[in-house]
Trainee: 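This is the structure, below, for whatever I ask next.
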Amino acid sequence: MPLVTTTEMFKKAYEGGYAIGAFNVNNMEIIQGITEAAKAENAPLILQVSAGARKYANHTYLVKLVEAALEETDLPIALHLDHGDTFELCKSCIDGGFTSVMIDGSHLPFEENIKLTKQVVDYAHDHGVVVEGELGRLAGIEDAVNVSEEDARFTDPDEVEEFVERTGVDSLAIAIGTSHGAFKFKGEPKLRFDILEEISKRLPGFPIVLHGASSVPQEYVEIVNKYGGDMPGAKGVPEDMLRKAASMAVCKINIDSDLRLAMTATIRKFMAENPGAFDPRQYLGPARDAIRTIVRHKIVNVLGCNNKA
Ligand code: G3H
Ligand code: 13P
Ligand code: ZN
């Protein structure tokens, strides 16, 4: 099966009350771990590539690895640019075979975000590619924000209709309290489901995207800390909150940090227990297994997209 866009996936996910996992890929083992999990669970999949991943692994290598995964799995897979920040980057990915791009103008003033996003949408749609835009900014745990500053970062429901209408985007990433990385909450985790609810009322049937959705499993944090790592206080989004979001208008859930954590914990433990190991396959193999295990868990217990391929 060739690469697909997210249009059909999102339509079914919205109607079915589940979400598609969008997992970041950087190398062969990560792609294999994710796609083997999706195959085992018969799940549709979004593989996403950041500018950093593209720089690290090279556009062509990543596309060819994803093509290999398509051939091996025969699943509906979309290849997506994560956090594109310029028209040129989005164009390069569209010209280079991606079926979906994100243009992240969330740091720009509203009118500039609309202008940049629309420029990408016009080019993408001419080439059969779909576009994710973003409104609102995800907070970083390092920011010592008070409540009103924090509020200012959430997506404003009053802006979403105009943004979607004027840009023509196919999906919209919103900020309701998640953040990137492994340190998401200082205190109790809290997501603004009231904002999500309000946005979905303003955009009936329209697919919403949740970034920063790693749960940061404590068993992996403990392994990292035990074997020389340093992640005290690492905390993610509780899985029941993600399940709730998936049952609402959220059709795409972005997960990267949990895969990094699973991989790193596994390699740290392996190297500590096997100090003589020097064949990369000895530790990259178990790391790939750990990715497969965590992605299967996400598909079945968090996203609910098993058997939806
Ligand atoms: O949201 C960003 C993703 O986790 C990708 O991270 O830019 O380090 O590849 P990266
Ligand atoms: P996490 O850091 O929570 O995995 O979020 C990943 C993400 O949003 C990629 O765009
Ligand atoms: Zn993100």
Side-chain angles (χ1 to χ4, degrees), residues 1-13 19-39 42-105 116-134 167-173 207 209 211 251-256 259 288 291 295 305 308-309:
M1 183 186 296
L3 282 172
V4 298
T5 71
T6 53
T7 307
E8 198 58 27
M9 288 182 192
F10 287 168
K11 192 171 178 294
K12 288 189 195 160
I20 314 293
F23 301 98
N24 288 73
V25 298
N26 292 279
N27 71 6
M28 183 187 77
E29 283 78 8
I30 296 173
I31 291 173
Q32 288 176 333
I34 298 166
T35 54
E36 286 166 13
K39 179 75 184 164
N42 192 31
L45 194 56
I46 299 169
L47 296 175
Q48 56 187 14
V49 171
S50 69
R54 211 161 162 261
K55 202 181 273 177
Y56 172 78
N58 173 304
H59 178 98
T60 310
Y61 277 89
L62 289 172
V63 169
K64 297 289 177 194
L65 284 167
V66 171
E67 282 171 3
L70 280 169
E71 205 174 307
E72 289 292 320
T73 62
D74 202 29
L75 287 172
I77 297 178
L79 179 55
H80 173 77
L81 169 66
D82 190 27
H83 293 284
D85 59 348
T86 61
F87 172 78
E88 290 70 28
L89 173 58
C90 292
K91 180 179 182 300
S92 172
C93 289
I94 293 164
D95 294 345
F98 284 36
T99 52
S100 174
V101 294
M102 175 189 194
I103 177 68
D104 182 357
L116 177 61
T117 304
K118 180 160 173 22
Q119 188 188 9
V120 173
V121 168
D122 288 346
Y123 188 80
H125 286 181
D126 274 352
H127 293 78
V129 169
V130 291
V131 180
E132 173 186 327
E134 178 162 340
T167 59
V169 281
D170 303 278
S171 62
L172 181 68
V209 177
H211 284 245
C251 294
K252 172 174 179 272
I253 292 191
N254 282 17
I255 299 171
D256 184 13
L259 274 56
R288 177 175 56 196
I291 287 180
V295 172
C305 60
K308 308 289 187 191

Trainee: Enter the distance from L81:CG to H59:NE2 here, rounded to the nearest 0.5 Å.
Mentor: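 With rounding to 0.5 Å, CG (L81) is 10.0 Å from NE2 (H59).
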
Trainee: Less than 4.0 Å between a side-chain N and a carboxylate O, is that true for E36 and K39?
Mentor: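 No, no charged N to carboxylate O under 4.0 Å.
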
Trainee: Is the backbone N or O of L89 less than 3.5 Å from a side-chain atom of T86, with the two atoms forming a donor-acceptor pair by type?
Mentor: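 At least one qualifying donor-acceptor pair exists.
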
Trainee: Please report the interatomic distance CG(L47) to CZ(F98), rounded to the nearest 0.5 Å.
Mentor: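 One finds 10.0 Å between CG of L47 and CZ of F98.
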
Trainee: Do the side chains of V209 and N254 get nearer than 4.5 Å, heavy atoms only?
Mentor: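 Yes, close enough: below the 4.5 Å cut-off.
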
Trainee: Check E132, K252, H83 against Q48 for a side-chain hydrogen bond (donor to acceptor under 3.5 Å, both in side chains) and give me the one that passes.
Mentor: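 For Q48, the side-chain hydrogen bond (donor to acceptor under 3.5 Å, both in side chains) test succeeds with only one of E132, K252, H83, which is K252.
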
Trainee: So, does D170 use its side chain to make a donor-acceptor pair with the main chain of V131 at under 3.5 Å?
Mentor: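 Flag set: sc D170 to bb V131 pair under 3.5 Å.
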
Trainee: About how many Å separate CG of D104 and OG of S50, when rounded to the nearest 0.5 Å?
Mentor: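 Answer rounded to 0.5 Å: 12.0 Å.
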
Trainee: Is a side-chain donor or acceptor of T5 paired with a backbone partner of T99 at a separation under 3.5 angstrom?
Mentor: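 No: the side chain of T5 does not pair with the backbone of T99.
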
Trainee: Any heavy-atom pair between the side chains of F10 and S171 that's under 4.5 Å?
Mentor: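 A side-chain contact exists here, since the closest heavy-atom pair is under 4.5 Å.
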
Trainee: Is there a side-chain contact between V120 and V169 in this structure, where contact means two heavy atoms from C-beta onward sitting under 4.5 Å apart?
Mentor: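 The answer is no, as the side chains (C-beta and beyond) never meet within the 4.5 Å cut-off.
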
Trainee: Supply the atom-to-atom distance I77 CD1 to M1 CE, rounded to the nearest 0.5 angstrom.
Mentor: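 The distance works out to 9.0 Å.
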
Trainee: Return the CD1 to OG1 distance between I103 and T167, rounded to the nearest 0.5 Å.
Mentor: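 Answer for the CD1-OG1 pair, I103 versus T167, is 11.5 Å.
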
